[in-house]
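The structure presented is a predicted model; accordingly, all values stated were derived computationally and were not measured.
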Amino acid sequence: MKTMQWGILGCGGIANMFAKGLRALPEGHLLAGASHTPGRAAEFAKKHGMERSYTQYDELLADPEIDAIYVATTHNFHYENVKRCLERGKHVLCEKPFTINALQAQELVDLAKQNNCFLMEALWTRFLPAIVKLQELLAEGVIGEVRAVRADFCAAGNFDKNHRMRNKALAGGALLDLGVYPISFADIVFDAIPERIQSSAFIGDTEVDDRSFYLLDYPGGRYAQLCSSFTHRAPNDAWVHGTEGFIRVPQFWMTQGLEIHRTGSELEWISKPFGEGEGFKFEIAHAMKCIQAGKLESDIHPLSKTLSIMRIMDELREQWGLVYSNEK
């Protein structure tokens, strides 16, 4: 089978994680990258052994040898970047959050279908071996009927006002950058659309949510208590509570194992390790398998899931009155 040639739009921090993940997969190859920041693409190419670097995105998109694009730009540019890729007939894996709202996401979903291109949001947590095992265990009923989920993702840091996390012009805020993970985790567990969404948020001096809290009610009396923040710290673990026990997922967004507490049984640890820097390889391998099979979307993380989670985040921001400039 032909080695898949990848290109990257944006050569910042997250692009390095993609490059490391792809390096662990012999069926894929990182051919080129592009960055508008002078010298960054060339530096990235040297670091990762990439043959080509471009200073303009259109130059990369015009490269006929590139099969698929990983979009690694900031949130506010995802919509226009993915749109340009799809218009050029390139398959796309776009870093989370997919776009800044569901309207933009729906337009890209429609465009991908029109142009016969594969499209997927890059939410690597869904593809980790430990998360796959978690889903299997829940389906087997190892902790009985699942009643609740608790998950926090807090990454406190001394971010200045221009940092992407705090910059409203870059669609900053805890929700889009961090909150997408606990919301997606709740979706992984419940596989349902919440019936009611309650929330609160602290809007900081840069007019984005510095920290925000979400209570999602699901059918059957189930609920998820979630939080994201860049102003305080937390264990960043997730908990799944059932009628016959509970499961703790340490560092759930990048987990390599599960802690199972069953009523009347000793604690059980299930280890699902992967190599350093290889966390992204699972989602990349899945995307390539789908593309090689001629699929237009993933069956593990279908576009309907992306749209559903974007709608939840739209509802949350509407409750807070948080609107980004390019939404007006």
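Side-chain N or O atoms of D217 include none that pairs as donor or acceptor with a backbone N or O of Y223 at under 3.5 Å. No donor-acceptor distance shorter than 3.5 angstrom exists from the side chain of Y324 to the backbone of L170, with no hydrogens or angles considered. Here the side chain of S53 pairs no donor or acceptor atom with the backbone of G33 at under 3.5 angstrom. Judged by distance alone, the side chain of H48 and the main-chain N or O of A19 form no donor-acceptor pair under 3.5 Å. The main-chain N or O of F202 is never found under 3.5 Å from a side-chain atom of R211 such that the two would form a donor-acceptor pair. Proximity of a side-chain donor or acceptor of Q319 to a complementary backbone N or O of I197 within less than 3.5 Å is detected. In terms of modelled atom types and a separation under 3.5 Å, the side chain of N115 and the main chain of L86 share a donor-acceptor contact. Judged by distance alone, the side chain of T263 and the main-chain N or O of E244 form a donor-acceptor pair under 3.5 Å. Within the 3.5 Å criterion, the main-chain N or O of Y79 finds no donor-acceptor partner in the side chain of Q104. With H78 contributing its side chain and P97 its backbone, the two residues share a donor-acceptor pair below 3.5 Å.
Of the charged side-chain nitrogens involved, none lies within less than 4.0 Å of a carboxylate oxygen, so that E43 and K47 do not count as a salt-bridged pair. In summary, E283 and K96 do not engage in a salt bridge, as defined by a charged side-chain N under 4.0 Å from a carboxylate O. Using a 4.0 Å cut-off between a side-chain N of Lys or Arg and a carboxylate O of Asp or Glu, R88 and D63 do not qualify as a salt bridge. Between D209 and R317, no side-chain nitrogen of the basic residue sits less than 4.0 Å from a carboxylate oxygen of the acidic one, so the salt-bridge criterion is not met.
Taken from NZ in K168 to CG in N76, the straight-line distance is 13.0 Å, to the nearest 0.5 Å. Here the CG atom belonging to N167 is positioned 11.5 Å from the NZ atom belonging to K161, to the nearest 0.5 angstrom. The structure places NE2 of H75 at 8.0 Å from CD of E95, a figure rounded to the nearest 0.5 Å. Within the model, atoms NE2 of H241 and CD1 of I143 stand 8.5 Å from one another, a figure rounded to the nearest 0.5 Å. Here H29 contributes atom NE2 and K2 contributes atom NZ; the two are 11.5 Å apart, rounded to the nearest 0.5 Å. Separating the CD1 atom in I300 from the NZ atom in K289 is a distance of 8.0 Å, to the nearest 0.5 Å.
With a 4.5 Å cut-off on side-chain heavy atoms, M120 and H286 count as touching. Considering only heavy atoms from C-beta on, Q106 comes within 4.5 Å of R311 through its side chain. By the 4.5 Å heavy-atom criterion applied to side chains, P182 and F252 are counted as neighbours. Contact annotation: the side chain of T231 never approaches that of R166 to less than 4.5 Å [non-hydrogen atoms, C-beta and beyond]. For the pair L137 and I260, the minimum side-chain heavy-atom distance is below 4.5 Å. For the pair E259 and E268, the minimum side-chain heavy-atom distance is 4.5 Å or more. In this structure the side chain of M288 never reaches within 4.5 angstrom of the side chain of D67, judged on heavy atoms. C85 has its side chain within reach of L9: a pair of non-hydrogen atoms, C-beta onward, lies under 4.5 Å apart.
For CD of E136, the number of neighbouring non-hydrogen atoms (other residues, nucleotides, ligands) closer than 6.0 Å is greater than 12. Residue L215 qualifies as enclosed at atom CG: its count of foreign heavy atoms under 6.0 Å is above 12.
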Take D187 and R126 through the salt bridge (Lys or Arg N to Asp or Glu O under 4.0 Å) test and state the conclusion after the steps. CA-CA 10 Å; D187 181 80; R126 280 192 181 268; 2.6 Å; yes
Step by step, work out the side-chain contact (heavy atoms from CB on, under 4.5 Å) result for C94 and E121. CA-CA 5 Å; C94 178; E121 180 183 27; 5.9 Å; no
Checking F282 against I131 for the side-chain contact (heavy atoms from CB on, under 4.5 Å) test, could you report, in this order, the C-alpha distance in whole Å, the side-chain angles of both residues, the deciding distance, and whether it holds? CA-CA 11 Å; F282 305 104; I131 295 298; over 6 Å; no
Could you check L176 against V208 for side-chain contact (heavy atoms from CB on, under 4.5 Å), going step by step and ending with a plain yes or no? CA-CA 10 Å; L176 290 189; V208 301; over 6 Å; no
Please lay out, stage by stage, how E87 and K83 fare under the test salt bridge (Lys or Arg N to Asp or Glu O under 4.0 Å). CA-CA 6 Å; E87 289 173 341; K83 185 172 184 286; 2.7 Å; yes
Verdict with reasoning, L22 to Y70, per side-chain contact (heavy atoms from CB on, under 4.5 Å): CA-CA 11 Å; L22 183 59; Y70 171 64; over 6 Å; no
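Listed here is the closest heavy atom pair of F153 and N236: CA-OD1, 3.2 Å. For the pair A186 and Y218, the tightest heavy-atom approach, listed with the atom from each and the gap, is CB-OH, 3.6 Å. For the pair E27 and A285, the tightest heavy-atom approach, listed with the atom from each and the gap, is OE2-CB, 4.4 Å. In plain terms, the two heavy atoms of A68 and M4 that are nearest each other are CB-SD, 4.4 Å. A pairwise comparison of heavy atoms in W320 and S200 identifies NE1-C, 3.9 Å as the closest pair. Contact record, L307 with A105: CD2-CB, 3.6 Å, taken as the closest heavy-atom pair.
If you chain together hydrophobic residues whose side chains sit under 4.5 Å apart, L178 and I14 fall into the same group. Residues V132 and I247 do not share a hydrophobic cluster, clusters being chains of Ile/Leu/Val/Met/Phe/Trp/Tyr side chains in contact below 4.5 Å. Cluster annotation: F77 and I100 are assigned to distinct hydrophobic clusters (Ile/Leu/Val/Met/Phe/Trp/Tyr, side-chain heavy-atom contacts under 4.5 Å, transitive). M313 is connected to Y181 through a chain of hydrophobic side-chain contacts under 4.5 Å among Ile, Leu, Val, Met, Phe, Trp and Tyr, so both are in one cluster. Under the 4.5 Å side-chain heavy-atom criterion for Ile, Leu, Val, Met, Phe, Trp and Tyr, M254 and I188 are members of the same hydrophobic cluster.
The aromatic rings of H261 and F246 lie parallel to each other, with less than 30° between the two planes, well short of the 60° mark.
Q256 pairs by the side chain to side chain donor-acceptor pair (under 3.5 Å) definition with nothing, not counting sequence neighbours.
With respect to I309, the side-chain contact (heavy atoms from CB on, under 4.5 Å) criterion is satisfied by exactly one of L123, V180, D314: V180. Put simply, the residue from W124, W6, F280 that forms a ring-ring contact (aromatic ring centres under 6.0 Å, His included) with F18 is W6.
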